[in-house]
Amino acid sequence: MIDLLFSKGRQFSIYPLKVYWMGKNSLSPLQAGVGVSSRNFKKATDRNRVKRILREAYRLQKSPLKEILDHSQKQLSVFILYNGKVLPEFEEIFDKMELVISRLKKYITEETVEKTQ
């Protein structure tokens, strides 16, 4: 499924995050994953810290997105990559994740409007 997301899914960037998303999945209404390049962070502890920050920022802000998906009977797969070269602060990622969630909500509502017309 993740190969399909990277090859056929849509993408956008809000530095330092790059988001791959696709509207169809079969397992649940909302699936998400996070990743960090080992090229930018050689130590696994640093990569794991960034992934924990990404997951927590996403977890705290995903409920409006999930409500829109439940209401419109849609499904969404999302993968968020961190492309920065320095260890981020939680506040920075939290703010960027808010922008990511709002952009995804916008795409979902636009697709719903297009299909109803």
Side-chain angles (χ1 to χ4, degrees):
M1 183 67 185
I2 198 163
D3 294 333
L4 186 64
L5 182 63
F6 284 120
S7 63
K8 304 225 186 225
R10 296 169 66 184
Q11 64 181 330
F12 63 89
S13 291
I14 298 176
Y15 188 80
L17 304 177
K18 186 166 189 174
V19 180
Y20 293 88
W21 66 279
M22 193 167 67
K24 296 269 185 190
N25 68 50
S26 60
L27 299 176
S28 68
L30 183 59
Q31 287 184 319
V34 297
V36 181
S37 172
S38 61
R39 180 181 300 168
N40 296 336
F41 295 99
K42 301 295 183 200
K43 296 180 182 176
T45 55
D46 292 340
R47 290 192 302 274
N48 290 339
R49 177 170 174 70
V50 175
K51 288 191 280 188
R52 275 196 306 273
I53 291 171
L54 287 170
R55 281 193 296 265
E56 183 65 10
Y58 174 78
R59 183 189 69 82
L60 292 173
Q61 299 183 61
K62 72 177 178 181
S63 57
L65 181 61
K66 192 165 181 167
E67 289 173 7
I68 288 175
L69 290 170
D70 289 340
H71 180 68
S72 63
Q73 299 294 317
K74 294 225 175 235
Q75 296 175 328
L76 185 67
S77 295
V78 180
F79 197 87
I80 302 164
L81 286 175
Y82 180 78
N83 288 332
K85 297 190 186 319
V86 297
L87 282 172
E89 294 293 324
F90 178 77
E91 293 77 22
E92 173 193 0
I93 296 299
F94 189 84
D95 294 340
K96 298 295 182 173
M97 192 65 70
E98 187 175 4
L99 297 173
V100 166
I101 298 291
S102 65
R103 175 102 40 112
L104 287 170
K105 289 189 320 190
K106 179 181 159 196
Y107 286 138
I108 294 300
T109 55
E110 285 175 359
E111 283 186 357
T112 304
V113 169
E114 288 175 6
K115 287 189 177 182
T116 58
Q117 292 177 350

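- Taken from NZ in K43 to OG in S38, the straight-line distance is 15.0 Å, to the nearest 0.5 Å.
- Inter-residue side-chain proximity for I68 and K74 is flagged as unmet; no heavy-atom pair is nearer than 4.5 Å.
- Other residues, nucleotides and ligands place no more than 12 heavy atoms under 6.0 Å from the CZ atom of R49.
- Summarising the geometry, atom CG belonging to D46 is positioned 4.5 Å from atom CG belonging to L87; distances are rounded to the nearest 0.5 Å.
- Using a 4.5 Å cut-off on side-chain heavy atoms (C-beta onward), N48 and F41 make no contact.
- Here Q31 contributes atom CD and S77 contributes atom OG; the two are 4.5 Å apart, rounded to the nearest 0.5 Å.
- Between R55 and V34, the closest heavy-atom pair is CG-CG2, 3.7 Å.
- Relative ring orientation between F6 and F79 is described as perpendicular, the plane-to-plane angle rising above 60° on a 0-90° scale split at 30° and 60°.
- Between F94 and Q61 the shortest side-chain heavy-atom distance falls below 4.5 Å.
- In terms of modelled atom types and a separation under 3.5 Å, the side chain of S13 and the main chain of Y15 share no donor-acceptor contact.
- Shortest non-hydrogen contact noted between I101 and K62 is CD1-CA, 4.5 Å.
- For the pair R10 (side chain) and Y20 (backbone), a donor-acceptor distance under 3.5 Å is absent.
- The two residues K18 and N83 come nearest to each other via the heavy atoms CB-ND2, 3.4 Å.
- At a threshold of 4.5 Å between non-hydrogen side-chain atoms, the residues V50 and P88 count as touching.
- For the pair W21 and L76, the tightest heavy-atom approach, listed with the atom from each and the gap, is CE3-CD1, 3.6 Å.
- Summarising the geometry of I93 relative to Y82, their closest heavy-atom pair is CD1-CE1, 3.7 Å, with the distance given to 0.1 Å.
- Put simply, V19 and L60 are part of the same group of oily side chains (I, L, V, M, F, W, Y) that touch within less than 4.5 Å, one to the next.
- V86 is not connected to I80 by any chain of hydrophobic side-chain contacts under 4.5 Å among Ile, Leu, Val, Met, Phe, Trp and Tyr, and they are in different clusters.
- To the nearest 0.5 angstrom, I2 atom CD1 is 10.5 Å from M22 atom CE.
- Here CG of L54 is found 10.0 Å from NZ of K51. Values are rounded to the nearest 0.5 Å.
- When all heavy atoms of F90 and E56 are compared, the pair lying nearest together is CE1-CG, 3.9 Å.
- Distance check: Y58 OH to L65 CG gives 6.0 Å after rounding to the nearest 0.5 Å.
- The backbone N or O of V36 sits nowhere less than 3.5 Å from a side-chain atom of R47 that would complete a donor-acceptor pair.
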